[in-house]
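Computed over heavy atoms, backbone and side chain alike; hydrogens, waters and symmetry mates excluded. Reminder, nothing fancy here: chain letters follow the sequence lines and each chain counts from 1. It should be emphasised that the depicted structure is a prediction, and the values quoted were computed from it without experimental measurement.
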There are 2 protein chains.
Amino acid sequence: MTAPRAWQVVLDAVERDLLDGRLSPGDHLPPERTLAADLGVGRSSVREALRVLEVLGLIRTAVGSGPSAGAIIVARPGGGMSALMRLQVAAQGFAVADVVKTRLVLEGSIVTDLATGDSPDLASSVQILTAMEGQPLTEAEFLALDAAFHLSLAEASGNQVVTATMAGLRSAIEGYARAGAAGLPSWPATSARLMLEHRGILAAILAGEADAARLAMHTHISGYYAETHLRDH
Amino acid sequence: MTAPRAWQVVLDAVERDLLDGRLSPGDHLPPERTLAADLGVGRSSVREALRVLEVLGLIRTAVGSGPSAGAIIVARPGGGMSALMRLQVAAQGFAVADVVKTRLVLEGSIVTDLATGDSPDLASSVQILTAMEGQPLTEAEFLALDAAFHLSLAEASGNQVVTATMAGLRSAIEGYARAGAAGLPSWPATSARLMLEHRGILAAILAGEADAARLAMHTHISGYYAETHLRDH
DNA sequence: TGTAACCTGTGGTCAGACCACATGTCACCG
DNA sequence: CGGTGACATGTGGTCTGACCACAGGTTACA
């Protein structure tokens, strides 16, 4: 057995504490210095492990003293997923085309679930669409609300894994979406079309037409990327 | 603007270098001490950032000297995805039920793609099945090969994002799959059924019957979890 | 020519120090 | 008695310097 690295000792200890119920969301981790002494490693090794946990979205750290200070278990997967996918796309571990394809699969499944489920809560989705249609938006503002709309559908489906993965995929290709928007012939025309498509997706969901909703979502996503990639010629 | 944390400076610098093409897979990162001096931060902060990159599967580090030493861009998303999902399940950020549901969605999409694509390369999948059927296996051995089979299907689909996500989902619930197997009334009976289902999935793919393949996969996955969760009573 | 000793550069780890900050405490003053 | 301001405490954030283990190259020697 090759010697485990010191930071892995810390990571394993925290994971074991989580699995055994000694740590739960909302709990404080011991102070870094205590953790180091307990595990027999240096404080810097503890900090490397905590940094990983923080980026992965498991803990939140705060300086100072009192109940809100220290490292607290939060289990927010969105940020970690985003960082992972964004960096993997940057390092060419993930192809942008694969990210888009995966979005199609997940979002197709989401709208199917919503359409076949009874009375999904789409209030926040509707609210976002209304905000998008209220006044002319810059491309960045529009894309931010577009992301929020797609994310709200994922949240409505109630699957936290899908929601977090979606958030990651979206943020991984956010730069490409923005760059693509800049090269479009007519942004007002495209954004108007996208808003119509949003309404169409929502209508199909509310009507319980799963196949229509899936098709509309497919057209919505792949259409945008097909359009923005024309500029590559 | 609040001061960025020192390790984030390093992370951002590496990400920018990747996006701008100054770093590519196979390249070496500068030595930690050089990186620290260049970015104006301490070496410990550099190390925290590198640890994150390592866990996320972006780099591989090695001690010593020569071409194989140092931090090298590798972009292997599987390990990072596994760590992220495993820890999120441990910290109750992800519900096991949602992980299984997401597996159903992704693996259903995978077999559909394979069945509708022309001449997918399933040689390694077949090889794994043959190995499973060769001799009696312990539960751990069987589950490892089972995971390899499902992963090989994902790889055959050619989508790296789906493959890595699948690997993560699988490893996140590996402990539950193993614990469930231990509580089954008859492991030989269950494993025999699982092997038959594998053959059925493969046959449906090769026959081009997408719906049948998807249904078979659905039955395969949800059936196992339904069976193993009986013991919760 | 081969080989053994040595040198160099790298990551891995630790110890200690200092800072900024949020909170709690306590003495003092009205 | 009540407020309020100064101070003590404990936390994460960061840096510096040191030492080790290790892999590879280099050099000197047989």
Side-chain angles (χ1 to χ4, degrees), chain A residues 1-14 17 23 26-76 79-80 83, chain B residues 1-14 17 23 26-76 79-80 83:
Chain A
M1 195 58 174
T2 138
R5 302 224 249 146
W7 58 271
Q8 278 180 330
V9 172
V10 183
L11 226 44
D12 290 347
V14 173
D17 283 349
L23 282 178
D27 288 351
H28 278 72
L29 255 58
E32 296 177 355
R33 292 160 176 87
T34 305
L35 216 42
D38 289 351
L39 297 173
V41 301
R43 189 182 161 210
S44 46
S45 299
V46 171
R47 286 185 57 76
E48 290 179 21
L50 294 191
R51 196 63 52 235
V52 170
L53 292 176
E54 181 176 349
V55 171
L56 258 36
L58 256 88
I59 64 172
R60 158 185 90 66
T61 62
V63 296
S65 93
S68 72
I72 304 180
I73 311 278
V74 293
R76 297 242 174 286
Chain B
M1 198 54 173
T2 142
R5 302 223 249 147
W7 58 272
Q8 279 182 329
V9 171
V10 182
L11 226 45
D12 289 348
V14 172
D17 283 350
L23 283 178
D27 288 352
H28 279 71
L29 255 58
E32 296 177 354
R33 293 161 175 86
T34 306
L35 215 42
D38 288 352
L39 297 173
V41 301
R43 189 182 162 211
S44 47
S45 299
V46 170
R47 285 185 59 76
E48 291 180 20
L50 294 191
R51 195 65 51 237
V52 169
L53 292 175
E54 182 176 350
V55 172
L56 258 35
L58 257 88
I59 64 172
R60 159 185 89 66
T61 62
V63 297
S65 93
S68 72
I72 304 180
I73 310 279
V74 292
R76 298 246 171 282

Rounded distance (Å) that lies between atom [atom2] of [N] and atom [atom1] of [X]:
X: B:Leu29; N: C:dT10; atom1: CG; atom2: P; value: 13 Å
X: B:Leu11; N: D:dT14; atom1: CG; atom2: P; value: 13 Å
X: B:Glu48; N: D:dT16; atom1: CD; atom2: C1'; value: 15 Å
X: B:Arg47; N: D:dC15; atom1: CZ; atom2: C1'; value: 15 Å
X: B:Glu32; N: D:dG17; atom1: CD; atom2: P; value: 17 Å
X: A:Leu35; N: C:dC14; atom1: CG; atom2: C1'; value: 16 Å
X: B:Leu39; N: D:dC15; atom1: CG; atom2: P; value: 10 Å

Does the side chain of [X] get closer than 4.0 angstrom to OP1 or OP2 of [N] through an N or O atom?
X: B:Ser44; N: D:dT16; result: no
X: A:Arg43; N: C:dA15; result: no
X: A:Arg51; N: D:dG13; result: yes
X: A:Ser68; N: C:dT23; result: yes

Side chain proximity check, [X] to [Y], heavy atoms < 4.5 angstrom:
X: A:Leu56; Y: B:Leu56; answer: yes
X: B:Leu29; Y: B:Ile73; answer: yes
X: B:Leu50; Y: B:Leu53; answer: yes

For B:Arg5, does the CZ atom sit with more than 12 other heavy atoms under 6.0 Å from it, leaving out its own atoms?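 Counting neighbours around CZ of B:Arg5, more than 12 heavy atoms of other residues, nucleotides or ligands fall under 6.0 Å, so yes.
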
Just wondering, more than 12 heavy atoms not from B:Arg76 lying within 6.0 Å of its CZ? no

Options D:dG24, D:dG13, C:dT13, nucleotide nearest the side-chain atoms of A:Arg33: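 Closest of the options to the side chain of A:Arg33: D:dG13.
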
Among the nucleotides D:dG12, D:dG24, C:dT13, which one has an atom lying closest to any side-chain atom of A:Val63? D:dG12

Restricting to non-hydrogen atoms, name the atom on A:Thr61 and the atom on A:Glu54 that form the minimum distance, rounded to 0.1 Å. OG1-OE1, 3.6 Å

If you take all heavy atoms of B:Arg60 and B:Ser68, which pair is closest and at what distance? NH2-O, 3.5 Å

Among residues 52-62 of chain B, which contact DNA chain C at a heavy-atom distance under 4.0 Å? B:Thr61, B:Ala62

Relative to the 5' end of DNA chain C, which residue comes earlier, A:Gly64 or B:Thr34, by the nucleotide with the nearest heavy atom?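 Going by which nucleotide is closer to the 5' end, it is B:Thr34.
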
Is there a donor on the side chain of A:Arg5 or the base of C:dG11 sitting less than 3.5 Å from an acceptor on the other?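 No.
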
Judged by each residue's nearest nucleotide on DNA chain D, which is more toward the 5′ side, A:Pro31 or B:Ser45? A:Pro31

Using a 4.0 Å heavy-atom cut-off, does B:Ala69 contact any base of the nucleic acid, only the sugar-phosphate backbone, or nothing at all? nothing

